[in-house]
Amino acid sequence: VDKRTDALDRILDAIEKSIETAPVDDLRDELKAEGHEPSSIATQMRAVLTRVGKRHRQAKLDLARHEKAAALAAYEEHRPKLPNTPAQRRLLLQQTIARNPHLTLQFRDLDHHSDADVESALRDLAHLGLLPDEED
Amino acid sequence: VSAKRRVPEEKAATLEEVEAAVAALTDDDLVRIAHFAKRRIERIGRAADMRDHEDLAAEAYELTLNGSRSWNKDVSFTQYLLGVMRSVSSHWAEKYRTEMESGRDQVRTDVDVRMELVRGERGTNDPRIAEERTQKLAAIRALFEDDPLASNILAGLAEGLQGPEICSLLEIDGTTFSSKLRSMRRDMIRAGLKRPTKTEKGPWRGQAH
């Protein structure tokens, strides 16, 4: 490595380091000497950071929306094929429960389940992979 | 740039704390951040590749928000951001150097080639760059040749001595050293001796082809 290059970097490092602790009035003077208006520089810098913050929040929001949409799409795509009549669906649910003794009591109390509840439970069980295959 | 610094969990700021710290930055803080960012951009020269001090601050903050960098609350947010900007700009410079050394021969379009020619870019082994740096160092030394204290401080820094060692050798106190360094910085800025290279921005910002 060129010794002169090292020397230049060392000098610039020290000069740069001095900015960290310099009185801010000095920094303002130096910016003015370069033709900048310090208050404008500060305003612009604040705007930059605010814009980055907003963009980050928006990106997180967009990602959450995207993930929700993707999850809904996946749910719809894997919509299980259920029996046509409420009675057949209730029967299927009973059979599924009988095959899966580990299911909670919530699923077992079928007398209090509406047809819609039964259908919803079947869909949930289908997504869990607990419904019997059609050929079963 | 994406390498995450290890900060003890209890000292790492949450996203909310980071956002609160940014909201609480004063104009003085922002002036310091902008000043520092400008110096870094000037220092890395061509490697900035049309990015300015605002781009540098934006990237440093973005890396914090996305979790690539973590603010240790033991230091002020301003000091932290300066450190990230130093690191980010060093990364840009290193990436540029690597690309130049590899000759960008892997995926290089005609446009890339033309732009390199327009900007006069070559590898860091390019004697032009070495020459520019030599001239820069000579110009800094020349600026202070009539100032014995500044010249001695420069000599010490160039040799890799730390502030306390230089103070000891020159028999000055820390306040005198810091004050002199600040006045040297001011003189260098006024003399336009900030840039290690002459043409950084390319044709988009007024550089003649």
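A quick note: this is a predicted structure, and the numbers were derived from the prediction, not measured. Every chain is numbered from 1 and lettered A, B, ... according to where its sequence line falls, protein lines coming before strand lines.
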* **Side-chain heavy-atom pair A/Gln44, B/Leu30 within 4.5 angstrom cut-off** => no

* Asked: Looking only at heavy atoms, which two atoms of A/Gly53 and B/Leu65 are closest? And how far apart?
  -> CA-CD1, 3.9 Å

* **Nearest-0.5 Å distance that lies between atom CG in A/Leu12 and atom CZ in B/Arg133** => 7.5 Å

* Of the backbone (N, CA, C, O) and the side chain (C-beta and beyond), which part of A/Ala14 lies under 4.5 Å from a heavy atom of chain B, both, or neither? -> both

* **CA sep, side-chain torsions, deciding dist, call: A/Arg57, B/Glu19, salt bridge (Lys or Arg N to Asp or Glu O under 4.0 Å)** => CA-CA 11 Å; A/Arg57 282 192 292 277; B/Glu19 289 178 326; 3.0 Å; yes

* Below 4.0 angstrom, N of the basic side chain to O of the carboxylate: do A/Glu34 and B/Arg39 qualify? -> yes

* Side chain, backbone, both or neither of A/Asp25 within contact of chain B (heavy atoms, under 4.5 Å) -> neither

* Asked: Checking B/Thr26 against chain A: side chain, backbone, both or neither under 4.5 Å from a heavy atom?
  -> backbone

* Structure fact -> One should read off an interatomic distance between B/Leu157 CG and A/Leu8 CG, to the nearest 0.5 angstrom, of 11.5 Å

* **Backbone of B/Ala58 reached by a side-chain donor or acceptor of A/Arg51 within 3.5 Å** => no

* **Name of the residue among B/Met184, B/Arg185, B/Lys180 meeting side-chain contact (heavy atoms from CB on, under 4.5 Å) with A/Ser18** => B/Arg185

* Non-hydrogen atoms of B/Leu15 and A/Lys60 that approach each other most closely -> CD2-NZ, 3.5 Å

* **B/Leu82 portion near chain A, given a 4.5 angstrom heavy-atom threshold** => side chain

* Asked: For the atom pair CD1 (B/Ile33) and CD1 (A/Ile19), what is the distance rounded to the nearest 0.5 Å?
  -> 12.5 Å

* Name the region of A/Thr21, side chain, backbone, both or neither, that has any atom closer than 4.5 Å to a heavy atom of chain B. => backbone

* Asked: So what's closer than 4.5 Å to chain A heavy atoms on B/Ala138: side chain, backbone, both or neither?
  -> neither

* So does B/Arg43 pair up with A/Asp13, basic N to acidic O under 4.0 Å? -> yes

* From CZ (A/Arg10) to CD (B/Gln162), nearest 0.5 Å -> 9.5 Å

* To do: Count the heavy-atom pairs under 4.5 Å between each of B/Ala57, B/Ala34, B/Gly156, B/Gly160 and chain A, then report the option with the highest count.
  => B/Gly160

* To do: Apply side chain to side chain contact (heavy atoms under 4.5 Å, CB included) to the pair A/Val52 and B/Glu59, showing each step before the final yes or no.
  => CA-CA 8 Å; A/Val52 170; B/Glu59 176 138 347; over 6 Å; no

* Could you grab the distance from atom CE of A/Met45 to atom CG of B/Leu81, nearest 0.5 Å is fine? => 8.5 Å

* **Heavy-atom proximity to chain A below 4.5 Å, by part of B/Asn66** => both

* Structure fact -> One option among B/His35, B/Arg86, B/Glu62, B/Arg186 has the most heavy-atom pairs under 4.5 Å with chain A, and it is B/His35

* So do A/Glu20 and B/Arg32 actually touch side chain to side chain, heavy atoms under 4.5 Å? -> no

* Structure fact -> Value for CZ (B/Phe36) from CD (A/Glu16), rounded to nearest 0.5 Å, stands at 4.5 Å

* To do: Go through the atoms of B/Ile153 and report whether side chain, backbone, both or neither lie under 4.5 Å from a heavy atom of chain A.
  => neither

* **Closest heavy-atom pair and its distance - A/Pro23, B/Arg182** => CD-NE, 3.2 Å

* At their closest point, which heavy atom of A/Ala7 faces which heavy atom of B/Leu137, and how far apart are they? -> CB-CD2, 3.9 Å

* **Option in A/Thr50, A/Asp29, A/Leu31, A/Val24 with maximal non-hydrogen atom pairs under 4.5 Å from chain B** => A/Val24

* Asked: What part of B/Glu54 lies closer than 4.5 angstrom to a heavy atom of chain A: side chain, backbone, both or neither?
  -> both

